[in-house]
Amino acid sequence: MALSRKKWNNILIIACVFMVAVLTFIDSKTNKMPEDAHALFDEQNQLTQLQFNGIWLNQSDSGWICETSVLNCQSLATAWSELVISVVDISTEELNTLPSPLVLSIAINHQSQAQHWQYYPEQGLLQSAAENWYQIPPSLRSKLVPVISAK
């Protein structure tokens with residue numbers, strides 16, 4: 001049975017409306033911060049230096065300074081210094097499936113002693129030096145990735 005042009009147009013319109021509704025629903029669920037999320041750094045404990053995967057950020061009196069190959073220095077530094085996380089429990093089974101982490105060296109308030117955290121960028125997981133696990137909301141994960149110049 002052949003469909004008329006009018007019926008095909010109606011099917012396409014309904015499909016488009018349905019797709020927009022689905023995408024709007026997904027966007028509303030992924031952009032919300034979890035209710036139990038809290039800031040990793042605050043006024044008393046400010047991020048002053050971060051190093052991972054051969055990339056470093058350092059806060060000076062004039063602002064953030066990054067390795068020369070990092071193109072999004074200010075936005076990357078802002079994203080890390082304003083990072084919001086949620087406490088999460090990781091089972092032994094999940095732990096065994098995780099890839100190798102990146103090691104973060106974090107200095108707070110210009111202290112000479114850095115803290116070493118493990119970062120799993122694909123899963124949005126952080127493991128503190130005290131072996132506590134934290135989840136980064138999906139809406140913030142892309143901002144934590146440095147844009148590197150291709151020299």
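Here the structure is a predicted model, which is why all the values come from computation and not from measurement.
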Supply the atom-to-atom distance [X] [atom1] to [Y] [atom2], rounded to the nearest 0.5 angstrom.
X: Asn9; Y: Lys7; atom1: CG; atom2: NZ; result: 12.5 Å
X: Arg141; Y: Leu83; atom1: CZ; atom2: CG; result: 11.0 Å
X: Tyr134; Y: Ser86; atom1: OH; atom2: OG; result: 11.0 Å
X: Cys16; Y: Ile11; atom1: SG; atom2: CD1; result: 12.0 Å
X: Glu82; Y: Thr78; atom1: CD; atom2: OG1; result: 5.5 Å
X: Leu104; Y: Gln115; atom1: CG; atom2: CD; result: 11.0 Å

[X] side chain vs [Y] backbone, donor-acceptor pair below 3.5 Å:
X: Gln74; Y: Trp64; result: yes
X: Ser105; Y: Ala114; result: no
X: Gln135; Y: Gln123; result: yes

For this session: Quick one: do Glu93 and Asn96 satisfy side chain to side chain contact (heavy atoms under 4.5 Å, CB included)? Show the steps, please.
Result: CA-CA 5 Å; Glu93 295 170 359; Asn96 292 335; 5.6 Å; no
Problem set entry | Polar side chain donor-acceptor pair, Glu122 to Tyr120, under 3.5 angstrom | no
Problem set entry | Qualifying residues under ring pair (Phe, Tyr, Trp, His ring centres under 6.0 Å), relative to Tyr119, sequence neighbours excluded | Trp80
For this session: Not counting sequence neighbours, list each pair that qualifies as a disulfide bond (SG atoms under 2.5 Å apart) and has a residue in residues 55-128.
Result: Cys66-Cys73
Seminar exercise, completed: residues 78-131 vs disulfide bond (SG atoms under 2.5 Å apart), sequence neighbours excluded, gives none
Can you give each donor-acceptor pair under 3.5 Å made by side-chain atoms of residues 50-63, sequence neighbours left out, with the distance rounded to 0.1 Å?
unit_1: Ser60; atom_1: OG; unit_2: Ser62; atom_2: N; d: 3.4
unit_1: Ser60; atom_1: OG; unit_2: Ser62; atom_2: OG; d: 3.2
unit_1: Ser60; atom_1: OG; unit_2: Gly63; atom_2: O; d: 3.0

For this session: Starting from Leu23, walk the hydrophobic network (Ile, Leu, Val, Met, Phe, Trp, Tyr; side-chain heavy atoms closer than 4.5 Å) and list everyone else you reach, by chain and number.
Result: Met19
Exercise. Which hydrophobic side chains are connected to Val147, either touching it within the sub-4.5 Å cutoff or through other members that do?
Worked result: Leu71
Problem set entry | Enclosure of Asn109 CG (heavy-atom neighbours >12, cutoff 6.0 Å) | yes
Exercise. Leu144 and Ile85: same hydrophobic cluster, using ILVMFWY side-chain contacts below 4.5 Å?
Worked result: yes
Exercise. Do Leu98 and Val103 belong to the same hydrophobic cluster, where Ile, Leu, Val, Met, Phe, Trp and Tyr are linked whenever their side-chain heavy atoms lie under 4.5 Å apart, directly or via other members?
Worked result: no
Problem set entry | Stepwise side chain to side chain contact (heavy atoms under 4.5 Å, CB included) check, Ile26 with Thr24 | CA-CA 5 Å; Ile26 291 172; Thr24 302; over 6 Å; no
Exercise. Between Leu102 and Pro121, which heavy-atom pair has the shortest distance, and what is it?
Worked result: CD1-CG, 3.9 Å
Exercise. Would Val84 and Ile136 count as a side chain to side chain contact (heavy atoms under 4.5 Å, CB included) if you check the C-alpha gap in whole Å, the side-chain angles of each, and the deciding distance to 0.1 Å?
Worked result: CA-CA 7 Å; Val84 176; Ile136 300 169; over 6 Å; no
Problem set entry | Steps toward side chain to side chain contact (heavy atoms under 4.5 Å, CB included) verdict (Ile106, Leu47) | CA-CA 7 Å; Ile106 298 172; Leu47 176 67; 3.5 Å; yes
